[in-house]
Amino acid sequence: METNAPKRRDNKKSLRVKVISLGNAEVGKSCIIKRYCEKRFVPKYLATIGIDYGVTKVQVRDREIKVNIFDMAGHPFFYEVRNEFYKDSQGVLLVYDVGLRESFDALDSWLGEMKQEMGSQANMDSIVFIVCANKVDLSKRRAVDEGEGRLWAESRGFHYFETSAQSGEGINEMFQSFFSSITDMCENGGKRPVAEVSVGFTKEQADTIRRIRNSKDSWDMLGVKPGATREEVNKAYRKLAVLLHPDKCVAPGSEDAFKAVVNARTSLLKNIK
Ligand code: GTP
Ligand code: MG
């Protein structure tokens with residue numbers, strides 16, 4: 001499979017890379033980029049029309065990196081414009097608004113759109129992904145907590161940062177980590193270094209914790225049908241306990257998920273004859 005090999009200039013120490021921003025409309029993609037490049041914040045919403053393009057130069061170790069930034073419009077109306085721009089990216093900023101759960105839930109479909117548009121060229125292992133949990137300054141309206149966001153990101157081998165384009169929190173750290181990981185990847189022949197994706201827990205564990213957090217009742221939490229027997233409840237419980245026991249699972253949120261499963265089992269067994 002092809003890698004998205006970056007363009008090199010004659011000078012071996014300089015690199016040219018392409019990064020794109022993805023996420024629902026109004027989550028703050030343009031403001032994050034503006035905060036980093038222009039050190040300012042614009043409170044008024046100015047929707048990106050199709051694509052905004054900019055270039056910035058950064059220094060990573062002994063290399064000069066010329067970064068071409070393609071800031072995508074999040075509104076579905078602009079799909080026909082942005083779909084041309086997915087190819088040949090070395091980095092993706094995936095942004096959601098911590099106060100809007102639907103913008104977090106939409107991250108999967110943004111990845112889906114990207115894969116679809118990259119077609120046979122799609123090699124997600126040669127792209128650095130950074131998840132920005134943005135607008136953390138508006139803490140009172142927070143709908144997605146850090147554990148849940150981090151779990152989604154890290155279980156996929158993506159970086160996770162809490163950011164605020166308004167206050168500047170996390171923005172420089174996030175971009176420094178982004179560019180340094182892209183440089184590492186380029187120096188590693190266009191492959192994301194393995195260490196980044198090894199997070200010490202499995203995707204099954206991460207997906208199970210997410211499912212438990214979003215379950216609607218105790219039956220749903222244990223993954224059994226309402227009216228299940230004691231044996232069925234105990235069997236489901238044992239499977240989850242093995243997967244999520246805090247001694248065995250280091251995924252963020254595993255302890256809470258494990259406790260929730262124990263409580264769900266106890267409350268179901270109380271009512272089953
Ligand atoms: P599209 O271009 O339509 O896809 O939107 P976008 O994701 O680029 O959003 P944009 O950066 O234009 O920001 C949308 C709105 O959110 C604007 O009113 C910003 O001022 C506001 N905003 C962006 N980031 C933050 C933040 O960190 N905190 C707060 N409080 N507001 C923010
Ligand atoms: Mg924008």
Side-chain angles (χ1 to χ4, degrees), residues 1-9 12-24 29 32-33 51 53-56 58 60-61 63 65-74 78-96 104-132 149-161 174-207 210:
M1 212 182 257
E2 283 185 44
T3 60
N4 303 322
K7 315 246 174 334
R8 273 167 202 268
R9 283 183 175 165
K12 275 192 189 137
K13 296 222 160 135
S14 76
L15 272 178
R16 240 166 59 194
V17 301
K18 172 183 171 186
V19 304
I20 58 175
S21 65
L22 294 184
N24 279 7
K29 301 178 292 297
I32 288 174
I33 294 165
I51 295 275
Y53 170 72
V55 186
T56 188
V58 293
V60 177
R61 299 186 290 272
R63 295 193 102 135
I65 320 286
K66 188 175 170 193
V67 187
N68 295 278
I69 305 177
F70 291 78
D71 176 25
M72 306 250 199
F78 295 111
Y79 167 69
E80 296 291 345
V81 184
R82 65 173 181 260
N83 64 7
E84 301 287 326
F85 291 89
Y86 281 110
K87 291 192 175 126
D88 303 319
S89 307
Q90 282 83 42
V92 176
L93 281 182
L94 269 175
V95 184
Y96 69 93
F104 173 66
D105 292 338
L107 295 180
D108 281 313
S109 32
W110 282 104
L111 284 181
E113 180 176 301
M114 179 173 179
K115 274 188 201 155
Q116 184 188 311
E117 295 312 320
M118 286 172 57
S120 56
Q121 200 202 24
N123 181 3
M124 305 300 247
D125 289 342
S126 59
I127 300 172
V128 172
F129 288 87
I130 292 246
V131 176
C132 296
R150 190 176 281 286
L151 184 65
W152 188 91
E154 293 182 352
S155 62
R156 285 164 178 76
F158 301 169
H159 302 254
Y160 172 88
F161 281 85
M174 181 274 289
F175 275 107
Q176 270 160 19
S177 168
F178 192 33
F179 297 142
S180 127
S181 297
I182 291 176
T183 308
D184 290 347
M185 184 187 73
C186 296
E187 288 174 353
N188 195 30
K191 276 261 169 208
R192 232 191 293 161
V194 174
E196 278 181 29
V197 284
S198 151
V199 288
F201 54 87
T202 64
K203 186 161 184 303
E204 186 189 6
Q205 286 172 322
D207 288 347
R210 184 147 194 242

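Position 1 is the first residue of the sequence, and the numbers go up from there. Bear in mind the structure is a predicted one, so any value in this text is a computation, not a measurement.
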Residues Met118, Ile127; criterion side-chain contact (heavy atoms from CB on, under 4.5 Å); working and verdict: CA-CA 12 Å; Met118 286 172 57; Ile127 300 172; 3.8 Å; yes
Residues in ring pair (Phe, Tyr, Trp, His ring centres under 6.0 Å) contact with Phe129, at least two apart in sequence or another chain: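 Partners of Phe129 under the ring pair (Phe, Tyr, Trp, His ring centres under 6.0 Å) test: Phe158.
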Which residues share a ring pair (Phe, Tyr, Trp, His ring centres under 6.0 Å) with Tyr86, sequence neighbours left out: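 For Tyr86, no residue satisfies ring pair (Phe, Tyr, Trp, His ring centres under 6.0 Å) once neighbours in sequence are set aside.
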With rounding to the nearest 0.5 Å, note down the distance linking [atom1] in [X] to [atom2] in [Y].
X: Ile51; Y: Asn83; atom1: CD1; atom2: CG; result: 9.0 Å
X: Phe178; Y: Ser181; atom1: CZ; atom2: OG; result: 8.5 Å
X: Leu111; Y: Leu94; atom1: CG; atom2: CG; result: 5.5 Å
X: Asp71; Y: Tyr53; atom1: CG; atom2: OH; result: 13.0 Å
X: Ser89; Y: Ile182; atom1: OG; atom2: CD1; result: 9.5 Å
X: Leu22; Y: Ser109; atom1: CG; atom2: OG; result: 10.5 Å

Listed partners of Lys203 passing salt bridge (charged side-chain N to carboxylate O under 4.0 Å, His left out), at least two apart: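 Counting only residues at least two positions away or on another chain, Lys203 forms a salt bridge (charged side-chain N to carboxylate O under 4.0 Å, His left out) with Asp207.
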Listed partners of Arg82 passing salt bridge (charged side-chain N to carboxylate O under 4.0 Å, His left out), at least two apart: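 Listed in chain order: Glu113.
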Main-chain N/O of Val95 paired to Lys29 side chain as donor or acceptor, under 3.5 Å: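 No, the answer is negative, given that no donor and acceptor are paired below the 3.5 Å cut-off.
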Side-chain donor or acceptor of Gln90 paired with backbone N/O of Lys18 under 3.5 Å: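 Looks like yes, one N/O pair under 3.5 Å.
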Can you give me the closest heavy-atom contact between [X] and [Y], atom names plus distance?
X: Phe78; Y: Ala73; answer: CD1-CB, 3.5 Å
X: Ile32; Y: Cys132; answer: CD1-CB, 4.1 Å
X: His159; Y: Ala153; answer: O-CB, 3.9 Å
X: Phe201; Y: Ala206; answer: CE1-CB, 4.1 Å
X: Phe85; Y: Ile20; answer: O-CG2, 3.8 Å
X: Cys186; Y: Val17; answer: SG-CG1, 4.4 Å

CA sep, side-chain torsions, deciding dist, call: Ile130, Phe175, side-chain contact (heavy atoms from CB on, under 4.5 Å): CA-CA 9 Å; Ile130 292 246; Phe175 275 107; over 6 Å; no
Counterpart residues, side-chain hydrogen bond (donor to acceptor under 3.5 Å, both in side chains), relative to Asp105 (two or more places apart):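 Only Arg210 meet the side-chain hydrogen bond (donor to acceptor under 3.5 Å, both in side chains) criterion with Asp105.
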Partner set under side-chain hydrogen bond (donor to acceptor under 3.5 Å, both in side chains) for Gln116, not counting sequence neighbours: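 Testing Gln116 for side-chain hydrogen bond (donor to acceptor under 3.5 Å, both in side chains), a comparison that skips the adjacent residues, returns none.
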Within a strict 4.5 Å, meaning less than it, do heavy atoms of the [X] and [Y] side chains meet?
X: Tyr79; Y: Glu117; result: yes
X: Asp184; Y: Arg61; result: yes
X: Glu187; Y: Leu15; result: no

CA sep, side-chain torsions, deciding dist, call: Ile65, Phe179, side-chain contact (heavy atoms from CB on, under 4.5 Å): CA-CA 8 Å; Ile65 320 286; Phe179 297 142; 5.6 Å; no
side-chain contact (heavy atoms from CB on, under 4.5 Å) between Val55 and Arg16, worked out: CA-CA 10 Å; Val55 186; Arg16 240 166 59 194; over 6 Å; no
